[in-house]
2 protein chains.
Amino acid sequence: MGTLLDGLAVDTASDRAVFRQIADQLRAAIQDGSVSEGNRLPSEAQLMEHYGVARMTVRNALQLLEMEGLTRAEHGRGVYVRRRPPVRRLASDRFARRHRKEGKAAFIAESEQLGAQPDVDMIQVSEMPAPPEIAERLNCAGPVIVRSRRYSLNGTPVETATSYLPADVAKGTPIADPNPGPGGIYARLEELGHTLERFTEEVSARMPTEAEARVLAMMPGVPVFRLIRTAYDVEGRAVEVCDTIMSADAYVLNYELPAH
Amino acid sequence: MGTLLDGLAVDTASDRAVFRQIADQLRAAIQDGSVSEGNRLPSEAQLMEHYGVARMTVRNALQLLEMEGLTRAEHGRGVYVRRRPPVRRLASDRFARRHRKEGKAAFIAESEQLGAQPDVDMIQVSEMPAPPEIAERLNCAGPVIVRSRRYSLNGTPVETATSYLPADVAKGTPIADPNPGPGGIYARLEELGHTLERFTEEVSARMPTEAEARVLAMMPGVPVFRLIRTAYDVEGRAVEVCDTIMSADAYVLNYELPAH
DNA sequence: CAGTGGTCTAGACCACTGC
DNA sequence: CAGTGGTCTAGACCACTGT
């Protein structure tokens, strides 16, 4: 006999909807460890049987948990308690020049330090007119080189990034190649004379679009960070805008603020 | 005749589920402005009639939109396109000393600059042992003074904040009063000799807990930022940790990163 | 193949809203 | 009161998974 559901029943006299009560009990079982990460919950049929309710009621309960990010349903297999991914803490000095010395791009270097296997795929490079949001930040209406790619950690996609650089800066340079070489595009920018002075980051959070959820293999109930980074060179010119979508359960962003 | 649904139909030959197709069409209508903010979508009954589907199918479609934060359902009234709240952009120098000169706390000063009516309520001050997360950041195991409050903009709650200060710093000072006086607690800390040197912020995002959703009157499908700020004085001591929960649709966080 | 979740139908009763 | 969304039942067929 499964011990998980033993003694659990709904209170039909309660104001709380039956499917919410069922969700409450399953949530409690997950949070107190009665069902551990990666394990299967009872099937819909078993829950219907146990609680004596219709399938829709059980499905509504399970959907609540899925929306909360506690479970994932796998078609034909069952409903499983989600494993929490490892969290990357992004340091506020992650683009400091000293971290580029070893010739590695920021993502690769950080991941190896974390002991996780980094991966980059879906690399695409093209040229197009600057979208308004980008043109505004680059302060440049001309065409831009667009570099997009997806980053994964231990095989799990965690982030997509799209860089926009003015074509008059990047065209015909290694930056416009799929592989920009050691140290990434920031190293190339500095070689081209655009010594980097500072970055600004604009951070927002929202639920992913359907396309984002697909590309990042996101679980329901997990928001994304949208991080728009603008890189300025020592002359004060914006030389790159990077539009990043990150699975929010995989990141903590760290920043330093001055008090003066 | 309503023009919204004219010509819209589902493709039963498509692989895409009917409720997703209906959601797609409603989403498109919202995004291209065919139904504007605050307006009502067709009722479930109208959608059933128009598309010739069962109520559950319509409800699944509407639930998708609600999860995406595009709509809100009001019991007995209808389903409405959500109004987007005004967005506050938090500058990276928002805690700079020069912004305290006018004797206003950060939130009040920023809001007035934005032309919005700020409000602070649910102010509570108490003393307790430091929770582990806080003790770690304060590097101090002793008791802490806890100040919690809720901030609203034009009557809409947008943020709750809980500050923790070591009792040996704050006890018996105006910081432990509900009203800490002009310039807020950072001004008081500096008067007490803790000249502030820098702040760190740790930013994460997730869906709100039920309690957070209630206090912040959050719409479904909107995540929260959790921002943990630690304030350090010139001697390097952590003198305050502020744990903030912000409705993510009301904020964009701006930061500056050095390149060196 | 049996068991799983994904989608859909066709009803029902209820609670809330506004007239 | 009529109209709205909230909850629930009792079925059905399908697609996917593992044996």
Side-chain angles (χ1 to χ4, degrees), chain A residues 2 4-5 9-26 35 38-67 70-82 210 213-214 217 219-221, chain B residues 2 4-5 9-24 26 35 38-67 70-82 210 219-221:
Chain A
L4 169 59
L5 296 177
V10 292
D11 171 10
T12 48
S14 163
D15 276 352
R16 194 158 176 80
V18 173
F19 78 90
R20 293 187 198 280
Q21 293 186 48
I22 295 177
D24 291 343
Q25 297 180 3
L26 294 174
V35 222
N39 283 13
R40 226 194 76 189
L41 290 188
S43 73
E44 294 178 355
Q46 288 170 327
L47 290 168
M48 287 167 64
E49 164 74 17
H50 176 87
Y51 285 107
V53 297
R55 188 167 169 218
M56 213 54 222
T57 308
V58 165
R59 283 182 62 77
N60 279 335
L62 291 174
Q63 190 176 27
L64 271 188
L65 300 180
E66 182 148 354
M67 276 182 53
L70 290 173
T71 61
R72 66 170 184 284
E74 297 187 16
H75 197 168
R77 304 218 319 129
V79 175
Y80 293 81
V81 180
R82 284 191 47 203
E210 204 166 321
R214 199 172 44 248
M219 294 300 147
Chain B
L4 169 59
L5 296 177
V10 292
D11 172 10
T12 49
S14 163
D15 275 352
R16 193 160 177 78
V18 173
F19 79 89
R20 291 186 199 281
Q21 293 185 47
I22 295 176
D24 291 343
L26 294 175
V35 220
N39 283 12
R40 228 195 73 187
L41 290 187
S43 73
E44 294 178 355
Q46 289 170 327
L47 291 168
M48 287 167 64
E49 163 74 18
H50 176 87
Y51 286 108
V53 297
R55 186 164 169 220
M56 214 55 224
T57 308
V58 164
R59 282 182 63 79
N60 280 335
L62 291 175
Q63 191 175 27
L64 272 187
L65 300 180
E66 182 148 353
M67 277 182 51
L70 290 172
T71 61
R72 67 171 184 282
E74 297 187 16
H75 196 168
R77 304 218 317 129
V79 175
Y80 293 80
V81 180
R82 284 191 45 208
E210 207 168 315
M219 294 299 148

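Each chain gets a letter, A, B and so on, in the order its sequence line appears, and its residues count up from 1. In this text the structure is predicted, and so the values were computed from the model without any measurement.
- Ranked by how close their nearest DNA chain D nucleotide is to the 5' end, A/G52 and A/R77 are led by A/G52.
- A donor-acceptor contact under 3.5 angstrom links the side-chain atoms of A/R55 to the base of C/dT7.
- C/dA12 atom C1' lies 14 Å from atom CZ of B/R59, rounded to whole Å.
- The distance from atom CE of A/M56 to atom P of C/dG11 is 18 Å, rounded to the nearest whole Å.
- Note on A/S43: a side-chain N or O is less than 4.0 Å away from OP1 or OP2 of C/dT4.
- Regarding B/H75, its NE2 atom lies at a distance of 5 Å from the C1' atom of C/dA15, rounded to whole Å.
- A straight line from CE of B/M48 to C1' of D/dG5 spans 12 Å, rounded to a whole angstrom.
- Smallest separation of non-hydrogen atoms from B/A23 and B/L65: O-CD2, 3.7 Å.
- Summarising the geometry, the separation between CD1 on B/I22 and C1' on C/dT9 is reported as 13 Å, rounded to the nearest angstrom.
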* Secondary structure of DNA chain C in dot-bracket form (Watson-Crick or G-U wobble, distances below 3.5 Å, | marking inter-strand pairs) -> ||||||||||||||||||.
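- Residue contacts shown for A/R20 are limited to sugar-phosphate atoms, with no base heavy atom under 4.0 Å away.
- The shortest distance between side-chain heavy atoms of A/L41 and A/L62 falls below 4.5 Å.
- Separating the CG atom of B/N60 from the P atom of C/dT7 is a distance of 8 Å, rounded to the nearest angstrom.
- In this structure, A/R16 places its CZ atom 15 Å from P of D/dG6, rounding to the nearest Å.
- Remark: the backbone N or O of B/R16 is paired with a side-chain donor or acceptor of B/Q21 at under 3.5 angstrom.
- Straight-line distance from the CZ atom of A/R40 to the P atom of C/dG5: 6 Å, rounded to whole Å.
- Put simply, the side chain of B/L64 reaches to within 4.5 Å of the side chain of B/F19, judged on heavy atoms.
- Residue A/T57 places none of its side-chain N or O atoms closer than 4.0 Å to OP1 or OP2 of D/dT7.
- Place A/A73 and A/G76 on DNA chain C by their nearest nucleotides, and A/G76 ends up nearer the 5' end.
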